[in-house]
Amino acid sequence: MLLSSLVSTSSQVAATSGRLAKITLLADLLKQAGPDEIALAIAYLSGTIRQSKIGVGWATLNKAKSYVATTPRLTIQEVDATLEKIAMTAGKGSATEKQRLLSDLFSRATAEEQDFLFRLLTGELRQGALEGIMVEAVAKARDLPASEVRRATMLAGNLGAVASGDVASFKVELFRPIKPMLAKTATDVDEALAELGPASFEYKLDGIRIQVHKRGAEVRVYSRTLNDITGEVPQVVASVKGLKVGEVILDGEAIVLSADGRPLRFQETMKGLGSAVPFFFDILYSDGASLLDQPYSARTKLLPEAHRPPHIVTADANAARSFFDAAIAAGQEGLMAKGLESKYDAGRRGGAWFKIKKANTLDLVVLAAEWGHGRRHGRLSNLHLGARDPNGGFVMLGKTFKGLSDELLEWQTQQLLEKEVKREGHIVYVRPELVVEIAFNGLQDSPHYPGGLALRFARVIRYRDDKKPEDADTIETVRKLHGTGA
DNA sequence: GGTGTCTGCCCC
DNA sequence: ATTCTGC
DNA sequence: GCAGAATGGGCAGACACC
């Protein structure tokens with residue numbers, strides 16, 4: 001298949017707003033693909049490549065844009081072969097060699113093809129369709145219910161394999177990781193109870209998500225994105241080897257504990273992953289049988305109790321609230337709330353799991369803003385946030401673009417341009433006059449920012465037009481917050 | 001060897 | 001990671 | 001309700017360059 005056919009479909013999809021129309025366009029292209037092409041076409045049109053990572057990013061791609069071919073001749077198999085070579089290149093001189101291979105590929109591509117490859121390899125396809133839509137397209141092309149294709153994909157871990165195989169034949173298998181179930185956010189335990197009724201509440205541990213597969217003495221550990229991280233977490237492996245179970249797939253979180261049993265900050269956990277220990281809150285497979293369709297309450301009964309995070313089952317808001325307070329006091333992130341009857345909804349956020357975290361807020365001053373990309377083109381988007389320095393001036397603590405509606409984006413662009421003092425590249429610096437209320441999940445040590453502190457997951461709540469910069473929170477307040485564990 | 005830059009279906 | 005938006 | 005888009009900070013590992 002010519003790359004140009006695929007690129008043409010991609011632009012048509014991008015130019016189409018309706019989901020059903022996108023699906024039809026994609027399904028039509030899939031029908032034209034040969035058996036050895038279909039997996040590649042699916043990968044490229046859902047924004048991924050077969051190699052998943054090839055050690056090439058924005059900087060390398062930008063240098064590869066030079067000569068432009070006029071006739072489209074590249075096939076998708078040729079593209080895949082080159083990407084494979086790039087992925088396999090390692091060692092001294094490899095960056096140069098990767099660059100050469102990429103430039104050579106680009107020189108055989110038309111302008112549209114180069115643009116597509118650039119977006120594909122930077123992970124910014126922006127055609128309004130990725131894997132979720134592609135699942136529907138595969139279902140349409142094969143004349144199967146989308147639910148069956150989705151289920152097979154979750155078990156195969158790869159949509160390409162589902163496009164040609166017998167969808168009924170896919171089942172849970174050891175050492176083939178399944179996409180982890182995700183959680184929605186709830187503001188408090190009351191919201192979670194209202195959604196779920198009686199629920200299991202568990203400490204939410206601030207570490208890294210792990211999925212552990214065990215068969216006898218053989219143990220492998222996978223990350224949230226299904227990377228094999230077995231070698232990085234030896235304590236987890238040792239701990240699982242000690243479990244008196246045969247075949248099992250467990251879902252949980254790995255964290256590092258200090259001598260007194262309190263959790264380390266996330267940053268420290270990342271530095272000391274080698275000593276991270278596992279806590280398991282779910283089980284997906286046991287001795288030959290999939291447990292995905294069992295209710296949560298039945299699955300948890302099969303968990304090794306010694307490795308579970310603290311948990312209670314209750315319908316009582318007061319009990320849940322004090323459990324939340326206990327979690328925070330113990331230095332944990334908050335709680336998870338899970339419906340007792342719920343199945344394991346692999347890869348989905350729509351299921352019966354909620355996360356409840358403590359949020360902090362600060363009133364900070366906008367120091368600058370950056371021009372947005374894509375649908376935010378022409379608008380000032382990413383805000384530079386500063387706390388007031390009592391000795392004069394402001395100390396930058398991070399940036400955010402979250403929490404801004406289109407309307408607010410428009411408003412802030414006007415406001416900020418009125419306050420512009422200078423530009424450097426895509427950054428517009430402004431007089432520090434606007435105060436914004438910012439919510440965030442915690443503070444991290446920062447090697448980059450002048451105060452040595454950075455906000456974690458900052459987002460805009462609202463502009464405080466009732467406040468002046470001299471009413472903004474000070475860096476001392478922020479330091480105090482950090483000291484108390486925020 | 002020391003330092004800087006880029007990359008990561010990164011981890012969150 | 002969080003949030004907003006179109007479907 | 002789902003899926004996609006737009007973007008954050010920090011860290012380790014790999015390589016380039018001096």
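Labels below follow one simple rule: chain letters A, B, ... track the order of the sequence lines, proteins then strands, and each chain is numbered from 1.
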## Note on the structure
Looking only at C:dA1, D:dG4, D:dG10, the nucleotide nearest the A:Gln444 side chain is D:dG10

### Message
Closest-nucleotide mapping onto DNA chain C: is A:Asn441 or A:Arg19 further toward the 5' terminus? I mean the 5' end.
### Response
A:Asn441

### Message
Using a heavy-atom cut-off of 4.0 Å across all strands, would you classify A:Ser52 as base, sugar-phosphate, or nothing?
### Response
base

### Message
Under 4.0 Å, heavy atoms only, any strand: does A:Leu20 hit a base, just the sugar-phosphate, or nothing?
### Response
nothing

#### Entry: Whole-Å gap separating P (D:dA3) and CZ (A:Arg348)
5 Å

### Task
For B:dG8 and C:dA1, measure between their C1' atoms and round to the nearest Å.
15 Å

### Query
Reckon A:Leu226 touches a base, only the sugar-phosphate, or nothing at all at heavy-atom distances under 4.0 Å?
nothing

### Sugar-phosphate, base or nothing in reach of A:Thr185, heavy atoms under 4.0 Å
nothing

### Task
With heavy atoms under 4.0 Å as the rule, sort A:Gln127 into base, sugar-phosphate or nothing.
sugar-phosphate

### Message
Rounding to an integer number of angstrom, what distance separates D:dA6 and B:dC12 when you compare their P atoms?
### Response
23 Å

### Task
Please check the phosphate of D:dA6 (OP1 and OP2 only) for any side-chain N or O of A:Asn382 closer than 4.0 Å.
no

### Query
Pick the nucleotide of DNA chain D nearest each of A:Leu125 and A:Lys184; which residue has the one closer to the 5' end?
A:Lys184

### Task
For the side chain of A:Ile133, starting at C-beta, report the closest nucleotide among D:dC11, D:dA3, B:dT7.
D:dA3

### Task
Select base, sugar-phosphate, or nothing to describe what A:Glu131 touches, counting heavy atoms under 4.0 Å on all strands.
sugar-phosphate

### Task
Would you mind telling me which residue lines up with the more 5' stretch of DNA chain D, A:Arg375 or A:His448, judged by nearest nucleotide?
A:Arg375

### Query
Can you tell me if A:Asn360 and A:Arg456 form a side-chain donor-acceptor pair at under 3.5 Å?
no

### Message
Taking any heavy-atom pair under 4.0 Å as a contact, classify A:Lys63: base, sugar-phosphate, or nothing.
### Response
nothing

## Note on the structure
Between A:Lys402 and A:Ser17, the residue closer to the 5' end of DNA chain C by nearest nucleotide is A:Lys402

### Query
Base, sugar-phosphate, or nothing: which does A:Gly207 touch, judged by heavy atoms less than 4.0 Å apart?
sugar-phosphate

### Task
Would you classify A:Ser94 as touching base, sugar-phosphate or nothing, given that sugar-phosphate means primed atoms plus P, OP1 and OP2, and contacts are heavy atoms under 4.0 Å?
sugar-phosphate

### Message
Using a heavy-atom cut-off of 4.0 Å across all strands, would you classify A:Thr60 as base, sugar-phosphate, or nothing?
### Response
sugar-phosphate

### Message
Only pairs with both distances under 3.5 Å count, Watson-Crick or wobble alike; so what is the partner of D:dG9 in this structure?
### Response
B:dC11

### Query
How many Å lie between CD on A:Glu407 and P on C:dG6, as a whole number?
13 Å

### Query
Just checking A:Gly47: base, sugar-phosphate only, or nothing, at a heavy-atom cut-off of under 4.0 Å?
nothing

